[in-house]
Amino acid sequence: MILKRVLLVVAVLGLIFVAVPRPAHAAPVEDEGADCPISQGTVTANAKLPDPFTRIDGSRITSRSDWRCRRAEIKDQAERYVYGEKPAKPSSVTGTVSRTNITVNVSENGRSASFSAGVDLPSGTGPFPAVVVLGGFGADTAAIKAAGAAVISYDPLAVGREGTPRNNKQGAFYTLYGASSSTGILLAWAWGVSRIIDVLEQSGGSVLRADATGVTGCSRYGKGAFVTGAFDQRIALTMPIESGTGGAPIFRGVNGESGAQPLSSAYGEQPWLGDAFGSYTGNPAALPIDTHEVIGMIAPRGLFIMDNPHIDWLAARSSSVAALGGAEIYRALGASDAISYWSDVSDGTHCATRSEWRAPLQQSIQRFLRGTGSAPAVFRISSQAAGNLAEWRTWQTPTLTAGTASPPPATPPVSPSVSPPVSPP
Ligand code: MCU
């Protein structure tokens with residue numbers, strides 16, 4: 001009798017667990033800090049990585065809940081100095097979601113544009129979580145589907161073209177915001193992914209879940225995936241691959257890293273970064289931020305950075321410093337397990353499909369998009385491209401008082417295994 005009851009309870013809990021998996025830390029809105037006050041400080045040159053925990057007014061944050069508005073300051077600086085502005089959701093976003101395709105129609109101030117993306121569902125019954133794959137190469141789409149997530153194939157070039165001069169940018173983003181917008185195409189690509197998520201939200205979620213989205217891409221699209229995850233807090237899992245300069249690597253590191261793509265090259269090759277960044281390519285010490293803090297914009301959400309140490313141009317050493325610095329922010333937020341880094345790979349081919357990354361990729365999808373299992377929580381830094389965080393910082397990581405790093409999800413987690421307590425640093 002008692003056994004029957006126990007079994008019944010277990011079965012019911014199991015059903016709830018299956019029916020309501022929630023991503024670990026994703027937010028219900030694109031920007032949770034939209035209401036935060038932002039002050040403009042004076043920027044003093046700093047050859048070392050700026051202290052992520054010190055506000056623009058010079059005070060240090062003390063609690064995990066302070067990160068919401070500290071993140072908003074970093075976001076503002078990232079827009080102002082590095083990527084250009086990301087406009088909020090336009091006044092009209094409509095579209096459709098089918099089992100093979102997503103369409104997106106946007107309009108603002110009398111200007112309209114459209115773009116679409118492919119959908120490739122895994123086996124089983126939905127609604128499915130999804131990983132947006134930027135560009136058509138370098139992401140292990142078979143592994144993504146085998147882990148139970150759909151693949152959304154997104155062509156970023158429809159939203160922000162390459163090969164255009166900075167004063168005549170093209171693509172859906174610039175149709176709305178003007179060909180002379182100073183926003184670089186990485187953030188235009190990111191804006192496009194946010195509009196896809198808007199359409200997922202409006203679709204009712206019968207094919208794809210809107211609350212379980214990941215993003216990935218390799219090389220220039222790794223830069224795009226990195227920026228996309230940083231600028232939309234609805235994204236539960238960000239997985240940049242071999243992103244190189246303009247992606248994960250610290251700006252302060254690449255000009256001095258042997259063989260790495262210099263900032264001036266990344267700024268000039270394509271209008272990836274915002275126009276304002278042009279003033280800093282020779283003097284990144286004058287930037288008030290660096291990419292460890294862009295990683296902090298992703299925290300405490302899922303992040304898996306993949307790098308290739310065999311090609312110097314890809315700046316894996318500077319990327320490892322960003323990851324180590326960013327991991328300090330995850331640690332302070334009590335979410336150390338949500339960041340992983342892996343550059344210890346054998347095949348030197350750029351954007352190869354790598355067997356080493358399959359397990360941690362699938363574990364990340366299980367944990368952050370399906371709410372099962374545990375995160376890979378792994379740092380495998382190749383000795384060929386191992387940066388040393390201690391050389392790059394003067395600050396120490398504070399012990400922040402408890403308090404959620406972001407407001408709790410709309411529906412409270414139903415099982416501890418969906419959102420396990422994270423131990424403090
Ligand atoms: C790593 O990303 C870029 C790199 O920044 C460029 O200099 C090079 O031309 O192309 C890489 C890429 O996107 O390869 C596909």
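The structure displayed is predicted, hence computed values, not measured ones. Atoms within a ligand are numbered from 1 in the order they appear, just like the ligands themselves.
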(request) Have a look at E162, R220, E269 and point out the one with the heavy atom closest to atom 7 (O) of ligand 1. (result) E269
(request) Find all atoms of ligand 1 within a distance of less than 4.0 Å from any non-hydrogen atom belonging to Q261, and give their numbers and elements. (result) 4 (C), 5 (O), 6 (C), 7 (O)
(request) Please collect all salt bridge (Lys or Arg N to Asp or Glu O under 4.0 Å) contacts where either partner lies in residues 377-387, sequence neighbours excluded, each pair once. (result) D344-R380
(message) Which residue and atom name correspond to the protein heavy atom nearest atom 15 (C) of ligand 1, and how close is it?
(response) S219 OG, 3.2 Å
(message) Ring of W357, cation from R354 - is the NZ or CZ under 6.0 Å from the centre and inside 45° of the axis?
(response) yes
(message) Residue-level breakdown please: for Y221 versus ligand 1, do any non-hydrogen atoms fall below 4.0 Å on the side chain, on the backbone, on both, or on neither?
(response) neither
(message) Quick check on contacts: which atoms of ligand 1 are under 4.0 angstrom from a heavy atom of L314?
(response) 1 (C)
(request) Looking only at distances, please establish whether an N/O atom of ligand 1 is found under 3.5 Å from an N/O atom of K223. (result) yes
(message) One thing to verify: whether D211 and R234 come together as a salt bridge, which I'm taking to mean a side-chain N less than 4.0 angstrom from a carboxylate O.
(response) no
(request) Examine ligand 1 and decide if any of its atoms is less than 4.0 Å from a heavy atom belonging to F137. (result) yes
(request) Determine the sole option in T94, N105, T175, T103 for which the side-chain hydrogen bond (donor to acceptor under 3.5 Å, both in side chains) test with S114 is passed. (result) N105
(request) Please state which part of S243 comes within less than 4.0 Å of ligand 1, counting heavy atoms only: side chain, backbone, both or neither. (result) backbone
(request) Report yes if some N/O of W272 lies less than 3.5 Å from some N/O of ligand 1; otherwise report no. (result) no
(request) Kindly compute the distance separating OG (S65) from CZ (R70), expressed to the nearest 0.5 Å. (result) 15.0 Å
(message) Check for me whether R166 meets the cation-pi criterion with Y267, that is, NZ or CZ under 6.0 Å from the six-membered ring centre and within 45 degrees of the ring axis.
(response) yes
(request) Check whether NZ of the Lys or CZ of the Arg R393 lies under 6.0 Å from the centre of the six-membered ring of W395 and within 45 degrees of that ring's axis. (result) yes
(message) Yes or no: does T245 have any heavy atom under 4.0 Å from an atom of ligand 1?
(response) no
